[in-house]
Asker: 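What follows is a structure written as structure tokens; I'll ask about it next.
Because the structure is predicted, anything quoted here is derived from the model rather than measured. Just the heavy atoms: all of them, side chains too, but no hydrogens, waters or symmetry mates, feed the values below.
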Amino acid sequence: MSYRMIAIDLDGTLLSPDGTVSPRNKAAVHRALKAGLLICFATGRNWTESQTVLNAVSHYSTAVFVGGAMVIDTGQRITLHRTAMEPALAREVCQAIEQAGHAALALQDTTQTGIDYLVTANVRMNAATADWMRVTMAKLQFVENLSQHPHEHTIRLGICADRDEVARVRHLLRDRFGDRILCQSLYVAAYGVEVLEVFDPAVNKWEGVLHVARLHNIAPEQIVAIGDDINDVAMVKNAGLGVAMGNARPELIAVARRVIKSNSEDGLAEFLDELVASHEVEPMTQ
């Protein structure tokens, strides 16, 4: 099979357990680029939260953010695609989150609003949320009651909390909204943060990756997708070659065609070098 594009998750895949890009992984990404492969990062983070990673790896191309809800040309700083939440639904979900005792986090289209999150002002922000906002250097705007906000630029809703509390709220939301939402939780090991995410049900990383692929006339079977968490399942399952990290969740390993070494062992770098050396690679034409 001739591969032309590699979709790479960030946390748990490109990033080491301490949240950094290892020199080995950075070098392997650039060897793959030199070989002619299109490298597309596909992350649950938004653009702001990804800036330090993009700077560390020194690769600025079209990338998939917010679990597939946004596609951004990071070199030209242009939003190419977004799937926002329906405003009335966003208000309902915020009400449920606030009634559950949490400050709702409404991720915004930063290019339109100049901020990253709207945050419920009349519910105290917990320590996990404050830590994550500080780590990611997110720009916040506090709103008295997000259940009454217009939400014209809201891409994702959620909370940060401990695992048990996230599980409680996730079940509450799933029971109330069913298939009207996509509701999932992710653990960011490098920072010890559990994140609950709520999207429009059409959102997933694979749809974002396909948007990038179509821009370059790349077929799905020419894509390699690599990840470790629940939000990587769609792209790993549907790509021409789906790859799970050794540290991946069981749900992802179950749908992957390859399992490689963990992010603590620079499994990504070893795999990328193997791919370039032993598989047919069709160089990108610019």
Side-chain angles (χ1 to χ4, degrees), residues 1-17 19-45 50 53 57 59 61-65 67-68 71 184 186-190 204-213 216 218-284:
M1 170 56 65
S2 175
Y3 298 114
R4 299 176 61 200
M5 173 177 174
I6 309 178
I8 303 175
D9 171 53
L10 297 187
D11 293 282
T13 302
L14 174 69
L15 299 182
S16 300
T20 62
V21 179
S22 72
R24 189 180 176 194
N25 275 350
K26 178 179 178 179
V29 166
H30 284 274
R31 281 192 291 271
L33 288 167
K34 187 176 181 180
L37 286 159
L38 176 69
I39 301 291
C40 171
F41 295 130
T43 178
R45 298 182 182 214
S50 305
V53 179
V57 77
H59 177 52
S61 185
T62 306
V64 176
F65 298 97
V71 177
Q184 61 192 18
L186 308 171
Y187 182 63
V188 185
N204 63 67
K205 283 188 183 182
W206 179 239
E207 290 303 319
V209 168
L210 285 178
H211 187 91
V212 176
H216 297 275
I218 294 173
E221 59 269 21
Q222 296 175 307
I223 302 171
V224 180
I226 313 166
D228 76 304
D229 214 331
I230 196 72
N231 64 348
D232 299 313
V233 168
M235 72 173 188
V236 167
K237 181 179 180 180
N238 289 290
L241 177 60
V243 180
M245 299 297 294
N247 50 286
R249 287 174 58 155
E251 299 96 324
L252 188 71
I253 290 174
V255 301
R257 287 175 53 195
R258 279 283 306 273
V259 179
I260 61 177
K261 290 181 180 179
S262 71
N263 64 331
S264 64
E265 303 169 285
D266 285 336
L268 175 67
E270 183 174 299
F271 172 76
L272 291 179
D273 285 343
E274 174 201 321
L275 187 72
V276 171
S278 63
H279 291 261
E280 183 181 355
V281 172
E282 183 177 335
M284 291 294 300

Asker: Would a distance-only check, ignoring hydrogens and angles, find a side-chain to backbone donor-acceptor pair under 3.5 Å from K205 to G68?
Answerer: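 No; zero donor-acceptor contacts below 3.5 Å.
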
Asker: Are L38 and R4 packed together at the side-chain level, in the sense that at least one heavy-atom pair is separated by less than 4.5 angstrom?
Answerer: no

Asker: So do M5 and V209 actually touch side chain to side chain, heavy atoms under 4.5 Å?
Answerer: yes

Asker: How far apart are the closest heavy atoms of A32 and I39, and which atoms are they?
Answerer: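 Heavy atoms only, the tightest pair is CB-CD1, 4.0 Å.
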
Asker: Would you mind reporting whether V224 and L275 have side-chain heavy atoms less than 4.5 Å apart?
Answerer: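 Result yes, sub-4.5 Å side-chain heavy-atom pair found.
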
Asker: Show your reasoning for whether side-chain contact (heavy atoms from CB on, under 4.5 Å) applies to L268 and I8.
Answerer: CA-CA 9 Å; L268 175 67; I8 303 175; 3.9 Å; yes

Asker: Have a look at S16 and tell me which of S22, S262, S264 forms a side-chain contact (heavy atoms from CB on, under 4.5 Å) with it.
Answerer: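 Among S22, S262, S264, the one that satisfies the side-chain contact (heavy atoms from CB on, under 4.5 Å) with S16 is S22.
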
Asker: Decide yes or no for T13 and N263: does some side-chain heavy atom of the first lie under 4.5 Å from some side-chain heavy atom of the second?
Answerer: no

Asker: Where do Y187 and D11 land on the side-chain contact (heavy atoms from CB on, under 4.5 Å) test, with the steps shown first?
Answerer: CA-CA 9 Å; Y187 182 63; D11 293 282; over 6 Å; no

Asker: Closer than 3.5 angstrom, by distance alone: can the side chain of D228 be matched with the main-chain N or O of M245 as a donor-acceptor pair?
Answerer: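 Checked: no pair found.
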
Asker: Between L272 and R31, is the side-chain contact (heavy atoms from CB on, under 4.5 Å) condition met? List the steps.
Answerer: CA-CA 8 Å; L272 291 179; R31 281 192 291 271; over 6 Å; no

Asker: Examine distances only and state if a side-chain atom of E207 and a backbone atom of N204 form a donor-acceptor pair shorter than 3.5 Å.
Answerer: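 Side chain of E207 to backbone of N204: no pair is present.
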
Asker: Looking only at atom types and distance, does a side-chain atom of D9 sit under 3.5 Å from a main-chain N or O of I226, one as donor and one as acceptor?
Answerer: no

Asker: With heavy-atom distances below 4.5 Å as the criterion, would you say the side chains of F41 and V53 are in contact?
Answerer: no

Asker: Look up atom CZ in R249 and atom CD1 in I230, then write down how far apart they are to the nearest 0.5 Å.
Answerer: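 R249 CZ to I230 CD1: 4.5 Å, rounded to 0.5 Å.
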
Asker: Any donor-acceptor pair under 3.5 Å linking the side chain of D232 with the backbone of L252?
Answerer: no

Asker: Indicate yes or no for a side-chain donor-acceptor contact from D273 to the backbone of E270 under 3.5 Å, with no hydrogens or angles considered.
Answerer: no

Asker: Determine yes or no for a side-chain-to-main-chain donor-acceptor pair under 3.5 angstrom, with H30 supplying the side chain and V57 the backbone.
Answerer: yes

Asker: Mind listing the closest non-hydrogen atom pair of A225 and M235 along with its distance?
Answerer: CB-O, 3.4 Å

Asker: Could you check R258 against E274 for salt bridge (Lys or Arg N to Asp or Glu O under 4.0 Å), going step by step and ending with a plain yes or no?
Answerer: CA-CA 13 Å; R258 279 283 306 273; E274 174 201 321; 3.1 Å; yes

Asker: Salt bridge (Lys or Arg N to Asp or Glu O under 4.0 Å) between D266 and K261: does it pass, once the steps are laid out?
Answerer: CA-CA 7 Å; D266 285 336; K261 290 181 180 179; over 6 Å; no

Asker: Does the side-chain contact (heavy atoms from CB on, under 4.5 Å) test come out yes or no for V71 and V212, once each step is laid out?
Answerer: CA-CA 8 Å; V71 177; V212 176; 3.7 Å; yes

Asker: Flag the pair L15 / V21 as yes when at least one side-chain heavy-atom distance between them is below 4.5 Å, and no otherwise.
Answerer: yes

Asker: How long is the gap from CG on L10 to OG on S50, to the nearest 0.5 Å?
Answerer: 5.5 Å

Asker: Does any part of the side chain of P220, heavy atoms only, come nearer than 4.5 Å to the side chain of N238, both counted from C-beta?
Answerer: no

Asker: What I'd like to find out is whether the side chain of C40 reaches to under 4.5 Å of the side chain of T62, using heavy atoms alone.
Answerer: no

Asker: Kindly compute the distance separating CD (E251) from CD (Q184), expressed to the nearest 0.5 Å.
Answerer: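 Those atoms lie 11.0 Å apart.
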
